[in-house]
A.B. asks: 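Structure incoming, see below.
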Amino acid sequence: MIEALVTSIVILMAWSFLYRENIFYRIGEALLVGLALALSVKVGIDVLINRIYIPIVVKQQWLSPTLIAVALGLMMYTRFSKSLWWMSRWPIALLSGAGLGIAMKGAVMAQIVKQLDIGSLITRDVFTGVNNLILLVTAITSLAYFLYTFEHRGALAPIAKFGIYSMMICFGTTLGLFLMSNIGFAISLIPNVVKPPGLYVSIVAIILIIADNFLRKRK
Amino acid sequence: MSFLKRIEIPIILFAIGSLLPLIDYYTGNLSIQASELLSWIVILVTFSYLIGVVNLFRYHLNNIRRGRDIYYSILIIGSFLFYLAIAYLNKGVYDWIFSTLYTPLSVAISSFVGFYTYTVFLRGARLKSPTAVLLLAVTIVILLYNTPTIRALSPQLITVGDWIKNVPNTGAYRGILIGMGISMIVLFMRAIIGRERSYLGGG
Amino acid sequence: MQSGSLPIVDRAVFIIFIILIAIPAIMPLGLPISISSNTVEVYRQIEGLKGGDIAMWITDFSVGTWGQVGPAEVAIYRHLFDLIRRKGIKVIIVTTYSVDGALNAERILREYIDTAGLKYGEDYVNLGWIPGYETTLAALAKDFQSIVKTDAYGNTIDKLPMLRGVRSISDIALIGFSTSTSPDPYPRQLGGYNKPLIINTLIATVPWTLPYYEKRLITGYIGAESDAAGYEKLTGMPGEGLRTLDAQSLSHIYGVVLIIVGNIWYFTRRREGGRR
Amino acid sequence: MILAGKKFELILTVVCIALAYLYMKGAERRAPRYRIRKFPALEAIDEAVGRAAEMNRPVHYSTGIGGTDDQYAPMTLSGLAILGRVAEACGRAGVYLRYTTPRAYLVPVAQDILKAGYTKSGNPDMYSPDMVYYVGEYQTAFMTSVMGYILRERPAVNMIFGATLWETINQLGAGAIAGCIQLGGTPRLYYIPIMICVCDYLLIGEELYVAGAALEGTPGSIGYFRGQDLFKILLIVLFILAAAASTAGFNLIGYLSTW
């Protein structure tokens, strides 16, 4: 019972932002930032314990390469020293490089080679072939729209125009498909604020909003 | 000592960091070193948390000193310290806060994605140009195509929606993806030869 | 407009959206929806149970996937308990995978099922979690009495008269299970006895289920909200599924209306030389 | 040496890098005839920051939830490159720039970028480390903090360039309500239409990656674009070849990707 009440209060504190930026929202915001930070730091501490403290200190594996990672990690804190601050860039460079390596791994296959795979343009039931032709044309023209050193003039103008139009179809489809997942959160929360005990909290919230609106108008 | 300050060292580390996974991917060699590197990344990111927390604390302690919305800063620091302590002191309260306070608050904030999509429709979906007309026409068709009750009433709309989704939409998406793939390769090259230095603070 | 406040038009947009999705939560609208053939097939198999038949439902989905699997599970529970009253069937509820399933089952029995007038132990029984997953499933099929010693509330078998005659799967008329992980163990242990075997799972797990479905090892499947809503419509008992689909329908129509209204507002203001 | 099924992929990568590199070197030797197409979003930075100076309101910038330690690295790096350019413009116009980040290791990086920007444009004393605000690693904390900031402080300009996920709608939605001038850019497909609707200027898809090169300003940097364009034309030809081959019954790409 108490859980349902607290949950509905918390939801309405966040949703009060729909009316205006107010003290209730600010409390919710501060709570969320504080709690989320605590969660991520707790996860961080668990990583440090499981990956460093236990294998190295408890299991006495002093020569494991993880020590280099620990050294690089500590180097980040040279950021706070006036003379050694440049050393803090080393670990960040390494992790950014690794990030780019991860991003590149398989990207050319997934984003280029696999996308070039296309079916036959002439098929028995004609329809598939026409679809493949449209697929080919829309893909090529959207690709051709992004030519940077060729002006969109002459032969390239109609191609680029067809390209931007086919991209608009793609963006319209995405915008239309995406609403379903966007509204999922609100729909899942509604029962908490419509059914008792949340309903009573909602009524209190509505009264507060009306009162606040009335007071501000008078001021 | 001054040799160590040179910018080339972080660039070399960056190159090592990005080439190692790729060598492992393309040739299968150095795969132990590559997976070791990726396990280091988690540790490095974890070490970085302290820098973030120090930044947040300094920001809010300055706020408190300057007297600007004090309770907001106190609440952030207070709830952080309290919840971090509770995580190790009392698992019961930790779980209670997680399921009754943190999760609903987190989902409620995520629900603004739904609210603001309507703001985007109202304020941004403007028929300002022919391309915008096409964008919004397709958006409306796909919105109706995705409406459960309209799907039940008009199957023809489902076939039209399916075609739009599977043919022109997929085609243009392929073009965009290929374009992104190419630009990423060029970005990768610029980063490896040290021309893209934003990770060094633009140094 | 002082800092913090929102233009009235944005507030109106949000309030209308909240009202639109709140209406179905208060009173179901029952907007027309299309019911998939697989949902109808499951409904017919369960509706086909006759007086005295024993139906066993294994609730094994995780608490975390309540949003996707819960609505259909509630709809099926309600249908089974409605059949107890209408036809006098008997229902066994059991969990084999993890404690999550037992928690979900108890939640459904507590919050969604009206057990007034039904005798526990004679009309229905909740065996709770019998740990062992596939080994428990095998035992339930071959030698029921060997694995089932007490129910979820500690009552021993002799206090549950309806279980006395149940020795193996041949004494059970229909089996169903819900899972948010792999469907494989269930048809492996419970399929092939030409008894109806129904699955309720995530929409993402349906593709893994189809191979068993084509070979009739699994005789019916339900996946995600749209199927749950269809099932609720078939049983005439609206619930979470229909509420969500009604809210989704209203929200999408609202989106179309807003795009049109937004442009009307934009063009009227532009003709009056208003701001961008 | 190269594993099966990855030779063709490697060849494509090497050819693209070679073309970009050669044309870069060529452009360094003598100024090329071709010019780069304009990027309205990058040109608009100065104009937007100018409006912020007039209205005496801050500029808010974010690179979304992605970091540089994961698969979003390329997007975040490009977002940071644009941040440098914005910091310069803010320094010149004397405007307070606030950068919100959910990645702790980006705090020092962003502080250096902002410091370099303000110093380069002759306004070093306006820079303060508090301009970079860290909100913890989770997306919802980032969302609530950005939404609250935008409606409380009412920045004149609201920018989001980089690896943006759900938080794009929160940031740009709040910005649309607060009436900010909005600039955005992301390769992530789901959020390009949102940006088309509510951003005054935007970079579509790959334009974000290319923005870094456009801002580089080194003599050879124009060469990347020529090399990249030629490789793109090469791919278009390959695409048509693949279609012709499939029509003739031979799955060219299928063969090449398992070669």
A.B. asks: Donor-acceptor pair, B:S198 side chain versus D:L77 backbone, under 3.5 Å?
C.D. replies: yes

A.B. asks: Need one label for B:Y102: side chain, backbone, both or neither, based on atoms under 4.5 Å from any heavy atom in chain D.
C.D. replies: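 B:Y102 touches chain D through side-chain heavy atoms alone.
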
A.B. asks: Find the distance between CE (B:M184) and OG1 (D:T13) and round it off to the nearest 0.5 Å.
C.D. replies: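 Rounded to the nearest 0.5 Å, the CE-OG1 separation comes out at 10.0 Å.
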
A.B. asks: Please determine, among D:C16, D:A73, D:G5, D:G79, the option with the most heavy-atom pairs under 4.5 Å with chain B.
C.D. replies: D:C16

A.B. asks: Let me know if B:L135 has heavy atoms under 4.5 Å from chain D in its side chain, its backbone, both or neither.
C.D. replies: side chain

A.B. asks: Please round to the nearest 0.5 Å and tell me the distance separating atom CD of D:Q228 and atom CD1 of B:I182.
C.D. replies: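 It is 7.0 Å, given to the nearest 0.5 Å.
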
A.B. asks: Shorter than 4.5 Å, heavy atoms on both sides: which option in B:L38, B:L56, B:V113 has the most such pairs with chain D?
C.D. replies: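 Answer, by heavy-atom pair count under 4.5 Å with chain D: B:V113.
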
A.B. asks: Against chain D, label B:F115 side chain, backbone, both or neither, depending on which of its atoms sit under 4.5 Å from a heavy atom there.
C.D. replies: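 No part of it gets close to chain D.
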
A.B. asks: Please state whether the side chain, the backbone, both or neither of B:L187 comes within less than 4.5 Å of a heavy atom of chain D.
C.D. replies: side chain

A.B. asks: Name the region of D:Y21, side chain, backbone, both or neither, that has any atom closer than 4.5 Å to a heavy atom of chain B.
C.D. replies: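 The answer is both parts of D:Y21.
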
A.B. asks: Does atom OH of D:Y23 have more than 12 heavy-atom neighbours, drawn from other residues, nucleotides or ligands, at distances under 6.0 Å?
C.D. replies: no

A.B. asks: Side chain, backbone, both or neither: which part of D:M24 has a non-hydrogen atom closer than 4.5 Å to chain B?
C.D. replies: side chain

A.B. asks: Verify the neighbour count for atom NZ of D:K115: are there more than 12 heavy atoms of other residues, nucleotides or ligands below 6.0 Å?
C.D. replies: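 No, NZ of D:K115 has 12 or fewer neighbouring heavy atoms, counting only those of other groups under 6.0 Å.
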
A.B. asks: Could you measure the distance from the OG atom of D:S145 to the CD1 atom of B:I76? Nearest 0.5 Å is fine.
C.D. replies: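 These two atoms lie 7.0 Å from each other.
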
A.B. asks: Name the member of D:T76, D:D130, D:D69 that forms the most heavy-atom pairs with chain B at distances under 4.5 Å.
C.D. replies: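 Looking at each option in turn, the highest pair count goes to D:D130.
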
A.B. asks: Could you tell me whether the side chain of B:M189 reaches within less than 4.5 Å of the side chain of D:Y224, counting heavy atoms only?
C.D. replies: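 D:Y224 vs B:M189: side chains touch.
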
A.B. asks: Between D:A110 and chain B, with a heavy-atom cut-off of 4.5 Å, which part of the residue counts as in contact: side chain, backbone, both or neither?
C.D. replies: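 The answer is neither part of D:A110.
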
A.B. asks: Tell me the closest heavy-atom pair linking B:S48 and D:A104, and the distance in Å.
C.D. replies: O-CB, 3.1 Å

A.B. asks: Within 45° of the ring axis of B:Y72 and under 6.0 Å from its six-membered ring centre, is that where the NZ or CZ of D:R152 lies?
C.D. replies: yes

A.B. asks: Mind ranking B:T119, B:I185, B:L22 by heavy-atom pairs under 4.5 Å with chain D and telling me who comes out on top?
C.D. replies: B:I185

A.B. asks: What part of D:L189 is in contact with chain B, defined as an atom under 4.5 angstrom from a non-hydrogen atom: side chain, backbone, both or neither?
C.D. replies: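 Answer is side chain: those atoms of D:L189 sit under 4.5 Å from chain B.
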
A.B. asks: Would D:L172 and B:V120 satisfy side-chain contact (heavy atoms from CB on, under 4.5 Å), going step by step from the backbone distance to the final call?
C.D. replies: CA-CA 8 Å; D:L172 293 179; B:V120 167; 6.0 Å; no

A.B. asks: Decide yes or no for B:F188 and D:I17: does some side-chain heavy atom of the first lie under 4.5 Å from some side-chain heavy atom of the second?
C.D. replies: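 Yes, at least one pair of side-chain atoms sits under 4.5 Å.
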
A.B. asks: Please classify the contact of D:E137 with chain B as side chain, backbone, both or neither, using a heavy-atom distance under 4.5 Å.
C.D. replies: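 Just its side chain gets close to chain B.
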
A.B. asks: Between B:S183, B:A125, B:S110, which has the largest tally of heavy atom pairs under 4.5 Å with chain D?
C.D. replies: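 So the answer, after comparing B:S183, B:A125, B:S110, is B:S183.
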
A.B. asks: For chain B, which candidate among D:G205, D:G117, D:P187 shows the most heavy-atom pairs at distances under 4.5 Å?
C.D. replies: D:P187

A.B. asks: Report the C-alpha separation of D:M147 and B:Y116 in whole Å, then their side-chain angles, then the decisive distance to 0.1 Å, and conclude whether the side-chain contact (heavy atoms from CB on, under 4.5 Å) test is met.
C.D. replies: CA-CA 11 Å; D:M147 282 176 358; B:Y116 284 162; 3.7 Å; yes

A.B. asks: Among D:M143, D:E167, D:Q139, which residue satisfies the side-chain contact (heavy atoms from CB on, under 4.5 Å) criterion with B:I109?
C.D. replies: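 Among D:M143, D:E167, D:Q139, the one meeting side-chain contact (heavy atoms from CB on, under 4.5 Å) with B:I109 is D:M143.
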
A.B. asks: Working to the nearest 0.5 Å, report the span between OH of D:Y209 and CD of B:E196.
C.D. replies: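 Between D:Y209 OH and B:E196 CD, I get 12.0 Å after rounding to 0.5 Å.
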
A.B. asks: What are the two closest non-hydrogen atoms of B:R123 and D:I177, and how far apart are they?
C.D. replies: NE-CA, 4.3 Å

A.B. asks: Of the listed residues (B:L177, B:V186, B:I193, B:I41), which shares the most heavy-atom pairs with chain D below a 4.5 Å separation?
C.D. replies: B:V186

A.B. asks: Against chain B, label D:I2 side chain, backbone, both or neither, depending on which of its atoms sit under 4.5 Å from a heavy atom there.
C.D. replies: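 Answer is both: backbone and side chain atoms of D:I2 are under 4.5 Å from chain B.
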
A.B. asks: Using a cut-off of under 4.5 Å on heavy-atom pairs, state which of B:Y173, B:Y59, B:F112 scores highest against chain D.
C.D. replies: B:Y59

A.B. asks: Compute whether any side-chain donor of one residue and acceptor of the other, for D:E9 and B:Y25, lie under 3.5 angstrom apart.
C.D. replies: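 D:E9 vs B:Y25: donor-acceptor pair found between side chains.
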
A.B. asks: Give a yes or no on whether B:L89 atom CG has more than 12 heavy-atom contacts from other residues, nucleotides or ligands under 6.0 Å away.
C.D. replies: yes

A.B. asks: Report yes if the side chains of B:V45 and D:Y105 come closer than 4.5 Å at any heavy-atom pair, otherwise no.
C.D. replies: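 A side-chain contact under 4.5 Å exists here.
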
A.B. asks: Please indicate whether D:Y127 has more than 12 foreign heavy atoms, meaning atoms of other residues, nucleotides or ligands, lying under 6.0 Å from its OH.
C.D. replies: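 Correct, the count exceeds 12.
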
A.B. asks: Considering only heavy atoms, which portion of D:Q111 lies under 4.5 Å from any heavy atom of chain B: side chain, backbone, both, or neither?
C.D. replies: side chain

A.B. asks: Which bit of B:I178 is near chain D, if near means a heavy-atom gap under 4.5 Å: side chain, backbone, both or neither?
C.D. replies: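 The answer is the side chain of B:I178.
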
A.B. asks: Please report the closest heavy-atom contact between D:L3 and B:G28, naming both atoms and the distance.
C.D. replies: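 Taking D:L3 first and B:G28 second, the nearest heavy atoms are CD1-N, 3.8 Å.
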
A.B. asks: Could you grab the distance from atom CD of D:E207 to atom CE of B:M180, nearest 0.5 Å is fine?
C.D. replies: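 Reported to 0.5 Å precision, the distance equals 12.5 Å.
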
A.B. asks: Hey, which of D:L80, D:N170, D:V198 has the most heavy atom pairs under 4.5 Å with chain B?
C.D. replies: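 Ranked by heavy-atom pairs under 4.5 Å with chain B, first place is D:N170.
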
A.B. asks: Please check if atom NZ in D:K120 has more than 12 non-hydrogen atoms from other residues, nucleotides or ligands closer than 6.0 Å.
C.D. replies: no

A.B. asks: Using distance alone, with no hydrogens and no angle criterion, decide if B:R195 and D:T218 have a side-chain donor and acceptor under 3.5 Å apart.
C.D. replies: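 Yes, side-chain donor-acceptor contact under 3.5 Å.
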
